[in-house]
Protein chains: 4
Amino acid sequence: MRYMATDIQQSREGSKYACKKLVAIEAAARVFADKGFHGATTQDIAAEMGIQQGSLYYYFNSKEQALQEVCEYGLENYVACMAKICVKDQPFEAKMLAIVTSHLSHYRRQHSAMKVHNDQRLYLPVERRVRIKKLGSQYRDLLEKVLQVGIETGALRADIDTHFIAYSIIGICNAWGANLIRDGELDLSETIEHCSDLILYGTLSIK
Amino acid sequence: MRYMATDIQQSREGSKYACKKLVAIEAAARVFADKGFHGATTQDIAAEMGIQQGSLYYYFNSKEQALQEVCEYGLENYVACMAKICVKDQPFEAKMLAIVTSHLSHYRRQHSAMKVHNDQRLYLPVERRVRIKKLGSQYRDLLEKVLQVGIETGALRADIDTHFIAYSIIGICNAWGANLIRDGELDLSETIEHCSDLILYGTLSIK
Amino acid sequence: MRYMATDIQQSREGSKYACKKLVAIEAAARVFADKGFHGATTQDIAAEMGIQQGSLYYYFNSKEQALQEVCEYGLENYVACMAKICVKDQPFEAKMLAIVTSHLSHYRRQHSAMKVHNDQRLYLPVERRVRIKKLGSQYRDLLEKVLQVGIETGALRADIDTHFIAYSIIGICNAWGANLIRDGELDLSETIEHCSDLILYGTLSIK
Amino acid sequence: MRYMATDIQQSREGSKYACKKLVAIEAAARVFADKGFHGATTQDIAAEMGIQQGSLYYYFNSKEQALQEVCEYGLENYVACMAKICVKDQPFEAKMLAIVTSHLSHYRRQHSAMKVHNDQRLYLPVERRVRIKKLGSQYRDLLEKVLQVGIETGALRADIDTHFIAYSIIGICNAWGANLIRDGELDLSETIEHCSDLILYGTLSIK
DNA sequence: AATGAATGAGCATTCATTCAT
DNA sequence: CATGAATGAATGCTCATTCAT
């Protein structure tokens with residue numbers, strides 16, 4: 001019932017409900033990121049929003065739904081950004097830098113939602129994970145395609161396994177993303193540089 | 001009082017208590033790895049051991065203590081192995097391969113404890129994390145020292161940040177370790193090779 | 001304040017408010033009949049009317065008041081009909097048939113309100129039950145008087161307890177009334193015949 | 001888990017668990033009879049037993065299960081008694097008196113469980129009602145068979161509908177059963193006599 | 001060494017009710 | 001007239017923990 005109304009209201013950018021719903025998702029993201037899904041209480045989320053516990057159910061039908069929406073929210077922009085990077089025509093090194101920059105910037109922009117997606121999504125029942133899985137695959141596919149092009153244009157070694165490298169890039173970025181959230185002092189651009197450098201050149205001195 | 005007894009009994013390798021305690025830790029590790037600390041119940045752990053819920057308190061004073069012991073258990077061997085690798089005299093590439101092998105093998109040997117340490121340790125109150133932190137730092141320090149030696153012997157590029165690379169190596173290995181647990185089909189030695197290859201050589205074709 | 005308005009509007013037969021109020025009572029009756037007083041929610045009733053939950057309070061001051069009005073509504077016609085039957089001058093058998101017919105027809109005419117009165121009225125606090133009690137007594141009194149006349153005219157056995165028989169007749173009719181609601185296939189006139197037959201002649205073969 | 005144990009323990013008559021479980025069922029019966037299923041709280045039931053609310057779940061897995069067990073408990077003896085009466089060889093009038101006596105005595109013996117069965121069983125989801133339905137049908141079947149024999153032996157009029165009469169008998173008894181519970185002053189044997197008299201002879205004076 | 005029984009605090013969720021618009 | 005939004009108290013249920021046996 002709320003749902004039907006939502007669709008209508010989401011079309012109007014400024015709708016009050018859509019607005020507060022976003023606030024709710026972001027509050028939930030912060031709390032889940034901090035305490036984990038099972039460790040967080042609906043009271044925590046409500047308090048973060050400055051409303052009463054019961055009122056939270058005006059925005060979410062259940063705690064699980066809140067987690068689901070946080071995860072999807074965390075992925076949405078993230079995948080969209082990757083798509084934009086992919087279509088741009090630029091040399092491989094620049095592309096990789098852009099990808100790492102996008103990934104880590106998302107973390108720094110207080111997007112606890114990404115952390116929640118990484119750490120907590122498996123606590124959702126499978127039926128709540130279909131869209132999340134699809135978005136995740138999209139991201140990996142886009143990344144693999146970039147790598148494939150890199151090989152074809154001769155920028156990348158022909159013997160690398162694009163699937164493996166894609167996963168590893170995501171792994172490194174997530175590890176540093178978590179650090180960026182935990183440690184506010186950590187320099188973003190430095191981290192970006194280090195990450196893409198490792199991915200591109202490895203660690204050995206050139207002989 | 002149990003504690004004093006424990007110490008005595010742990011000295012005798014074959015003591016029954018020490019034995020069942022290990023079983024308890026491993027059961028707890030499996031359950032925590034599967035459901036997360038807050039998502040797991042003491043009933044789950046007891047069931048995994050085949051005992052009654054109340055009996056669990058013969059082995060752990062609290063659920064939190066169980067998590068603490070699982071995390072420490074996950075790190076112990078892991079750090080010890082790293083120490084052994086460090087003292088061995090071998091070229092850098094071989095050392096890196098040994099390190100990655102050790103890290104990933106620990107995951108594959110059903111050591112859910114490592115996964116628990118990675119994902120759940122932050123749910124422990126700080127005072128329960130002192131030993132865990134120490135073991136973690138030890139590991140990173142050892143790894144950084146290996147990298148430092150690599151630079152000094154000219155094997156590694158002089159411009160890399162050892163601290164950053166150490167964290168990244170751990171990040172990559174943990175990401176793939178999680179995959180190894182989730183996907184039993186995944187080939188261990190292949191994964192090891194891929195990981196160390198990426199760390200050493202990066203992805204660019206050599207010009 | 002609504003109350004004063006109500007009184008004014010109820011005087012005008014065709015008033016919109018009185019009309020929708022009736023719709024509200026009947027919606028509440030259906031919902032209470034289906035789910036019971038405590039099992040039904042104000043949301044259920046509002047949905048049955050096609051309005052929002054909050055808007056319900058335009059028609060009822062509280063859920064309890066809704067139950068009260070449903071119960072009274074269920075009894076009103078029912079008692080009025082009985083009164084009409086009583087004043088008619090006809091032989092006892094015909095009267096009994098008319099009474100049973102009236103009682104069961106009320107059930108079949110979708111009057112969930114009667115079911116609600118039977119099953120749920122005791123969940124009302126005593127102070128809300130005064131009118132209901134009065135109407136109920138009226139009905140029983142009228143019925144007892146009919147029986148009394150039956151005895152006096154020699155139609156009925158002199159040794160029956162009118163109070164007891166009145167209760168029993170109501171009991172049988174309510175039992176079959178519930179069946180009539182539950183099972184739409186059940187034939188009304190057949191049921192009426194069976195009931196009055198049992199009440200009049202019992203089950204033994206005449207010797 | 002408790003369940004398996006239950007079977008074992010129920011075999012030992014005096015088992016502590018089986019004993020307290022019975023106490024629990026009877027407490028639940030009283031509370032449900034008084035406040036209705038939805039109007040009763042688990043706290044009410046626990047208080048009636050003199051234990052804490054949480055402890056109630058040692059005996060019932062859910063409030064619904066409690067209702068189910070109460071209903072089944074209410075029917076068990078009731079059906080068993082009817083079975084005993086049926087096999088006895090006695091004239092129809094005596095049999096009917098025995099049936100009514102059994103039915104109403106069950107009510108008076110504080111068996112709130114029967115009231116709960118009558119008023120609340122429909123709030124159970126169908127899958128929880130299978131056994132209840134079976135027991136109910138058994139009772140009606142036994143009663144119909146008695147009536148059938150009554151017709152065959154010439155005790156009863158040949159033109160009565162056994163199905164209808166069975167339902168009516170149950171209806172009358174339940175109506176008076178409810179009165180017996182509500183009004184402790186009401187004389188049991190008088191009520192029994194009145195009921196069977198009505199069923200057998202009806203109300204008309206014999207011509 | 002283990003268990004059955006109980007506890008009590010905590011939690012997600014529901015729901016009657018209110019009220020500004 | 002009607003609604004969207006919010007409230008806060010209640011409720012069913014879970015679970016870590018305790019303890020006598």
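What's counted below: heavy atoms across the whole structure, side chains too, no hydrogens, waters or symmetry copies. Below, chains carry the letters A, B, ... as their sequence lines are ordered, and counting in each starts from 1.
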Practice prompt. Name all residues meeting the side chain to side chain donor-acceptor pair (under 3.5 Å) criterion together with C:E26; count only those two or more places apart in sequence or in a different chain, and write none if there are none.
Written response: C:Y73

Discussion item. Between A:E76 and A:R131 (salt bridge meaning N to carboxylate O under 4.0 Å), is one present in this structure?
Written reply: yes

Item to complete: Hey, can you tell me if C:Y17 and C:Y58 have their rings parallel, tilted or perpendicular (30° and 60° cut-offs)?
Response: perpendicular

Worksheet item: So, is A:Y59 close to the F:dA6 phosphate, meaning a side-chain N or O under 4.0 Å from OP1 or OP2?
Response: yes

Worksheet entry | Residue pairs fulfilling salt bridge (Lys or Arg N to Asp or Glu O under 4.0 Å) with at least one residue in residues 118-127 of chain C, sequence neighbours excluded | C:K115-C:D119

Worksheet item: Would one find a side-chain N or O of D:Q52 under 4.0 angstrom from OP1 or OP2 of E:dG8?
Response: yes

Discussion item. How many whole angstroms separate atom CG of D:N61 from atom C1' of F:dC15?
Written reply: 15 Å

Worksheet entry | Spacing of D:E64 atom CD relative to F:dT11 atom C1', expressed in whole Å | 15 Å

Worksheet item: Centres of the A:F32 and A:F37 rings: under 6.0 Å?
Response: yes

Item to complete: Assign D:L56 to base, sugar-phosphate, or nothing according to its heavy-atom contacts below 4.0 angstrom with the strands shown.
Response: nothing

Worksheet item: Starting at CD of B:Q43 and ending at P of F:dT14, how long is that distance when rounded to a whole Å?
Response: 12 Å

Worksheet item: Whole Å only: how far is the OH atom of D:Y17 from the C1' atom of E:dT3?
Response: 15 Å

Practice prompt. Please state whether the base of F:dC13 and the side chain of D:Q53 form at least one donor-acceptor pair under 3.5 Å?
Written response: yes

Practice prompt. Please report the C-alpha distance between A:D44 and A:E48 in whole Å, then the side-chain angles of each, then the deciding distance to 0.1 Å, and finally whether the side chain to side chain contact (heavy atoms under 4.5 Å, CB included) criterion is met.
Written response: CA-CA 6 Å; A:D44 292 333; A:E48 179 83 18; over 6 Å; no

Could you run down the sub-3.5 Å N/O contacts of the protein with nucleotides 19-21 of chain F?
none

Worksheet item: Is C:Y58 near enough to F:dA2 that one of its side-chain N or O atoms lies under 4.0 angstrom from OP1 or OP2?
Response: no

Discussion item. Under 3.5 Å for both pairing distances: what stems, at least three Watson-Crick or G-U pairs long, include DNA chain E?
Written reply: E:2-21 with F:2-21

Item to complete: Please identify each residue that fulfils salt bridge (charged side-chain N to carboxylate O under 4.0 Å, His left out) with B:R128, with sequence neighbours left out.
Response: B:E64

Practice prompt. Round to a whole Å and report the spacing from NZ of C:K20 to C1' of F:dC1.
Written response: 8 Å

Item to complete: Report the distance from atom OH of A:Y57 to atom P of E:dA12, rounded to the nearest whole Å.
Response: 6 Å

Discussion item. Heavy atoms within less than 4.0 Å of DNA chain E: which residues of residues 33-42 of chain C have one? Give them sorted by number.
Written reply: C:A40, C:T41, C:T42

Worksheet item: Closest nucleotide of DNA chain E for C:K63 versus for D:G50: which of these residues is on the 5' side?
Response: D:G50

Response to the item:
On DNA chain F, more 5' by nearest nucleotide between B:S62 and D:S62 is D:S62

Item to complete: Find the distance B:L67:CG to F:dC15:C1' and express it as a whole number of Å.
Response: 17 Å

